[in-house]
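Scroll down for the structure; my scribbles are underneath it.
Fair warning: this is a prediction, and the values are worked out from it, not measured in the lab.
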Amino acid sequence: MTLTQATGRCLRRYADFSGRASRSEFWYFFLACTLIVGGLFTAVFVLTELDDIVGLTAIILAALVYLSLLLPQLASFVRRLHDQDRRGWWVLVYFLPLGLPILLAMMALPGTAGDNRFGPVPPQ
């Protein structure tokens, strides 16, 4: 699965918390979101130095993009957990101290071989 395929698949399944997601699908989408949000907040940093109105507009735009990507990222986390035959509630580990590194380590683990209770093997 390529970066564009994974991003398109995750955005088409915007708020779909059912089914499974392969490692490549999750990591490519995570990379795309990180690059988009990182680029936007870098632009915000530069634009706030130029003009207050432009900077405020850039902050609002970046926050809206970040919030619009939050739900599909959460859904991809849950689908990735489903691939490992874990319940989606494990995503709440994110809110613990050091929760994000723990959750990202869990995302790197392989999924279950064959079908599991959350569905068939996702496309690689």
Determine, using the 4.5 Å side-chain heavy-atom cutoff (strictly less than), whether Ile102 and Val78 are members of one ILVMFWY cluster. yes
What I'd like to find out is whether the side chain of Phe118 reaches to under 4.5 Å of the side chain of Asp83, using heavy atoms alone. no
Which atom of Pro123 lies closest to which atom of Ser22, heavy atoms considered: O-OG, 3.3 Å
Hphob cluster co-occupancy, Phe41 + Leu56, side-chain heavy atoms under 4.5 angstrom: no
Are Leu92 and Leu98 connected in the hydrophobic side-chain network, where two residues link if heavy atoms are under 4.5 Å apart? no
Closest heavy-atom contact between Asn116 and His82? ND2-O, 3.0 Å
I'd like to know whether OH of Tyr14 has more than 12 heavy-atom contacts from other residues, nucleotides or ligands below 6.0 angstrom. yes
Tell me, do Cys10 and Arg79 make a side-chain contact under 4.5 Å, heavy atoms counted? yes
Arg13 side-chain N/O to Ser18 backbone N/O, donor-acceptor pair under 3.5 Å: yes
Tyr28, OH: over 12 other non-hydrogen atoms inside 6.0 angstrom: no
Is there a side-chain contact between Met107 and Leu81 in this structure, where contact means two heavy atoms from C-beta onward sitting under 4.5 Å apart? yes
Would a hydrophobic clustering, with Ile, Leu, Val, Met, Phe, Trp and Tyr connected at side-chain separations under 4.5 Å, put Trp89 with Leu109? no
Any side-chain heavy-atom pair of Arg117 and Arg87 under 4.5 Å: yes
Can you give me the closest heavy-atom contact between Pro122 and Ala21, atom names plus distance? CG-C, 3.8 Å
Should we count CG of Leu67 as having more than 12 external heavy atoms under 6.0 Å? yes
As an exercise, state the distance from CG of Leu11 to CG of Leu71, rounded to the nearest 0.5 Å. 11.0 Å
Would you name the heavy atoms of Ala58 and Val44 that are closest together and state the gap between them? O-CG2, 3.3 Å
Crowded around Ile53 CD1? As in, over 12 foreign heavy atoms under 6.0 Å? no
Nearest heavy-atom approach of Pro120 to Asp115 is CA-OD1, 3.1 Å
Answer with yes or no whether the hydrophobic clustering places Leu47 together with Ile36; edges join I, L, V, M, F, W, Y residues whose side-chain heavy atoms lie under 4.5 Å apart. no
Does Arg20 reach the main-chain N or O of Gly119 with its side chain, forming a donor-acceptor pair under 3.5 Å? yes
When rounded to the nearest 0.5 angstrom, what distance separates CG in Leu35 from CG in Leu3? 7.5 Å
For Phe77 and Phe30, take the angle between the two ring planes, folded into 0 to 90°, and tell me which bin it lands in: parallel under 30, tilted 30 to 60, perpendicular over 60. perpendicular
What is the minimum heavy-atom distance between Phe17 and Ala75, and which atoms define it? CE2-CA, 3.5 Å
Using modelled atom types only, decide if a donor and an acceptor are shared between the side chain of Ser76 and the backbone of Gln73 within a distance under 3.5 Å. yes
